[in-house]
Student: 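To start, I am sharing the structure in question, which I have written as structure tokens.
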Amino acid sequence: METQNNRQEKDNENGKRPSVDFIRTIVAEDIRTNKWGGNVITRFPPEPNGFLHIGHAKSICLNFGIAAENKEGRCHLRYDDTNPVTEEARYVNSIQEDVRWLGWDWGEHLYYASDYFEKMYEYAVQLIRKGLAYVCDLTADQITEYRGTLTVSGKDSPYRNRSVKENENLFRRMRDGEFEDGSRVLRAKIDMKSPNMNMRDPVMYRILHADHHRTGGKWCIYPTYDWAHGLEDSIEGVTHSICTLEFENHRPLYDWYLDRLEIHHPQQIEFARLELTYTVMSKRKLLQLVDEGHVKGWDDPRMPTISGMRRRGYSPESISQFCKRISVSKFNSTIDVALLEHCLREYLNKTSNRVMAVLRPLRVVIDNYPENEVEWMEAYNNPEDQNAGTRKVPFSKVLYIEQEDFMEAPPRKFYRLSPGKEVRLRYAYFVTCTDVVKDDKGRIVELHCSYDPATRGGNAPDGRKVKSTLHWVSDVHALKVEVRLYDYLFKKERPEEVSEGNDFKSNLNPNSIQVLSDCMAEPSLKEAKPLDRFQFERLGYFCIDPDTSRDNLVFNRTVTLRDTWAKIQKKQQK
RNA sequence: UGGGGUAUAGUGUAAUGGUAGCACGAUUGAUUCUGGUUCAAUCUGUCCGGGUUCGAAUCCUGGUACCCCAGCCA
């Protein structure tokens with residue numbers, strides 16, 4: 001919010017009007033004209049049938065954000081729990097945890113659509129009495145048939161003209177459980193010839209003898225989305241009911257119900273849902289990945305779920321920043337995941353303590369360094385944050401460096417270690433490679449180097465420069481840790497683009513996870529706790545996974561550092 | 001001639017009749033004890049055709065493309 005205010009000030013300085021998205025423009029105009037008595041009441045209305053994902057975060061930041069920006073604003077967290085067959089209490093809990101983690105507070109405004117069931121029933125009776133709703137005995141197939149198609153208008157149900165009395169009686173008996181699932185529905189009497197399919201006598205209630213996660217067996221009729229949603233908004237006094245684009249066609253129905261009932265009528269506003277490259281965003285597809293075991297659960301660090309991203313090492317700040325940057329519009333867009341990663345790195349760079357860890361260790365012996373000697377070298381915890389202080393890192397005769405930091409026959413622009421070359425070991429000494437030891441298959445197993453004692457701390461008194469600085473870990477002090485490397489879940493930028501006969505899962509990336517169990521980390525990491533974040537120098541940002549145990553530290557790679565060398569390599573290969 | 005939406009650099013997003021700007025990205029260079037960070041420069045754009053106007057991304061008009069709708073899901 002601070003950023004938002006700063007931006008507005010800056011724009012005003014230039015004499016320009018602050019640029020805000022179209023929804024905030026509407027809200028601001030409504031405040032100016034006192035349309036809602038100065039109130040701004042929004043809501044975030046998830047159905048508890050899955051975990052929240054980054055797309056929901058966009059909606060959360062929008063709804064809670066708008067409320068927070070306005071003096072009289074508030075945002076409700078409301079569970080849209082009108083379908084007992086797909087909803088579960090465990091989802092209710094995860095949703096609250098995620099919204100809270102993202103930094104938002106609904107205060108006492110936590111609501112459930114299921115708490116309004118009685119009230120909704122009464123409103124339905126009102127509509128029946130006004131002759132605007134009727135009980136229909138057509139089967140589901142028949143209803144579909146009578147509805148017509150996009151280009152052919154529908155025809156009236158034979159039950160459309162039942163008397164008010166009969167409708168009231170039948171509806172009462174639906175509620176009382178006299179009828180089987182699917183045998184009858186309550187429908188709004190609107191217009192079977194409407195070009196908008198949603199207006200062709202939509203179903204308001206269906207019979208469902210199913211236990212609800214909150215109301216248990218109390219109800220056997222459940223309201224449909226269109227009937228329920230506007231009532232929920234109305235009952236809560238919502239002013240701006242913000243939803244995604246696919247509900248645009250439903251707005252006339254939203255308006256119709258509230259107009260006929262003559263009750264508080266919020267304004268529905270639609271925006272484009274978030275799509276991201278290299279991932280899928282629909283709950284249905286994410287559920288499929290979980291159920292079919294393509295990932296280890298809703299909170300798998302590869303998932304675009306809030307819980308997955310949290311476990312991966314994302315901060316709420318970076319997600320909020322991302323939502324701010326992408327803004328809100330009605331254009332169906334796909335955001336480059338690089339922008340998300342940019343926001344992530346931006347935050348992590350400023351806040352993460354640096355440590356040294358080696359992912360694929362290569363043993364290095366410093367031949368001229370005294371046996372059994374240990375020096376504790378001073379290292380900055382975070383060069384971006386002076387308050388982060390320093391720590392001591394042990395240096396000794398036998399070390400590990402990264403396998404990829406050594407090449408026997410280096411290509412052009414390879415600045416790292418190779419035979420005869422001198423490099424710096426970060427915060428320690430300059431070393432020169434003197435010998436390469438191989439096994440009988442010709443694989444490099446050990447390096448021998450000499451060090452220059454005059455370069456202690458990392459600088460040469462004679463002023464000579466070195467092209468490269470390597471990270472390292474002392475053998476005897478090293479913590480052996482597990483590191484899980486993640487890549488995009490899908491190989492294609494747009495996983496939905498598939499060849500004939502395939503679905504999005506054919507684009508799954510088989511290498512989206514790689515587990516390294518023989519990594520070496522500096523000893524300061526010993527006391528790290530789940531969700532602690534670090535930068536492994538020169539490698540990326542890492543976060544302790546909850547799978548960590550006392551004798552096995554497990555790290556998730558949140559995101560790599562930007563890697564110019566990798567780009568050069570890629571180009572050289574071409 | 002079913003209805004409802006949307007079109008601005010590669011990706012997003014501003015400009016509300018008056019210099020098409022910003023971010024990400026890409027490229028190049030500088031700085032650097034992280035090939036990180038930071039800094040500088042460069043790159044690429046108004047869907048198409050007419051019209052109104054001194055002046056159009058913006059207004060009018062005619063096209064085109066894409067998205068959504070035929071659940072008793074939300």
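Just so we're clear, the structure is a prediction, and the values are computed from it rather than from any experiment. Below, chain A is the first sequence line, B the second, and so on; all start at residue 1.
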Student: Is G71(B) syn or anti, taking syn as a glycosidic angle within 90° of 0?
Tutor: syn
Student: Return the stacking result for A7(B) and F331(A): yes when the ring centres lie under 5.5 Å apart and the planes under 30°, no otherwise.
Tutor: no
Student: Check the distance between A14(B)'s C1' and I23(A)'s CD1 and give it to me in whole angstrom.
Tutor: 16 Å
Student: For T334(A), report the nucleic acid contact type (base, sugar-phosphate, nothing); a contact means any heavy atom under 4.0 Å.
Tutor: sugar-phosphate
Student: Assign Y146(A) to base, sugar-phosphate, or nothing according to its heavy-atom contacts below 4.0 angstrom with the strands shown.
Tutor: nothing
Student: Do N382(A) and E384(A) pair up side chain to side chain, a donor and an acceptor below 3.5 Å, judged on atom types alone?
Tutor: no
Student: With a 4.0 Å cut-off on heavy atoms, is R562(A) in touch with a base, just the backbone sugar-phosphate, or nothing at all?
Tutor: sugar-phosphate
Student: Please classify the nucleic acid contact of L425(A) as base, sugar-phosphate, or nothing, using heavy-atom distances under 4.0 Å.
Tutor: nothing
Student: Quick one: is K330(A) getting a side-chain N or O under 4.0 Å of the A7(B) phosphate, OP1 or OP2?
Tutor: no
Student: Which part of the nucleic acid, if any, lies within reach of R325(A) when heavy atoms closer than 4.0 Å are counted: base, sugar-phosphate only, or nothing?
Tutor: sugar-phosphate
Student: On RNA chain B, compare the nucleotides closest to H342(A) and V328(A); which residue's is nearer the 5' end?
Tutor: V328(A)
Student: Expected output check: what is the dot-bracket annotation of RNA chain B, where ( ) and [ ] are pairs inside the strand (brackets for crossing ones), | is paired with another strand, and pairs are Watson-Crick or G-U under 3.5 Å?
Tutor: .((((((..((((....[..))))((((((.......))))))...(((((..]....))))))))))).....
Student: Generate the contact string for nucleotides 67-74 of chain B. Rules: B means base contact, S means sugar-phosphate contact only, - means no protein heavy atom under 4.0 Å.
Tutor: SBBBSBSB
Student: Nearest-Å distance, CG (D21(A)) to P (C22(B))?
Tutor: 21 Å
Student: Sequence neighbours left out, what passes ring pair (Phe, Tyr, Trp, His ring centres under 6.0 Å) with Y121(A)? Give chain and number order.
Tutor: F171(A)
Student: Nearest-Å distance, CD1 (I326(A)) to C1' (U13(B))?
Tutor: 11 Å
Student: Which part of the nucleic acid does Y427(A) contact within heavy-atom distance under 4.0 Å: base, sugar-phosphate only, or nothing?
Tutor: base
Student: Is H471(A) near enough to U34(B) that one of its side-chain N or O atoms lies under 4.0 angstrom from OP1 or OP2?
Tutor: no
Student: Just checking Q535(A): base, sugar-phosphate only, or nothing, at a heavy-atom cut-off of under 4.0 Å?
Tutor: base
Student: Where the side chain of I335(A) is concerned, which of A26(B), G12(B), G36(B) is the nearest nucleotide?
Tutor: G12(B)
Student: Do the two ring centres, one from F51(A) and one from H56(A), sit under 6.0 Å apart?
Tutor: no
Student: List the steps and the verdict of ring pair (Phe, Tyr, Trp, His ring centres under 6.0 Å) for Y79(A) and Y112(A).
Tutor: CA-CA 5 Å; Y79(A) 292 101; Y112(A) 293 84; 5.1 Å; yes
Student: Tell me what E248(A) touches on the nucleic acid: a base, only sugar-phosphate, or nothing, going by heavy atoms under 4.0 Å.
Tutor: sugar-phosphate
Student: NA contact type, K350(A), heavy-atom cut-off 4.0 Å: base, sugar-phosphate, or nothing?
Tutor: nothing
Student: At under 4.0 Å between heavy atoms, what does S153(A) touch on the DNA or RNA strands: base, sugar-phosphate, or nothing?
Tutor: nothing
Student: By ring pair (Phe, Tyr, Trp, His ring centres under 6.0 Å), which residues pair with F322(A), not counting sequence neighbours?
Tutor: none
Student: Are W565(A) and F414(A) an aromatic pair, judged by ring center distance below 6.0 Å?
Tutor: yes
Student: Holding to side chain to side chain donor-acceptor pair (under 3.5 Å), I want the full list of residues that pass it with E275(A), two or more places apart in sequence or in another chain.
Tutor: none
Student: Using a heavy-atom cut-off of under 4.0 Å over every strand shown, decide if T151(A) touches base, sugar-phosphate, or nothing.
Tutor: base
Student: The criterion is side chain to side chain donor-acceptor pair (under 3.5 Å); which residues satisfy it with D80(A), sequence neighbours excluded?
Tutor: H229(A)
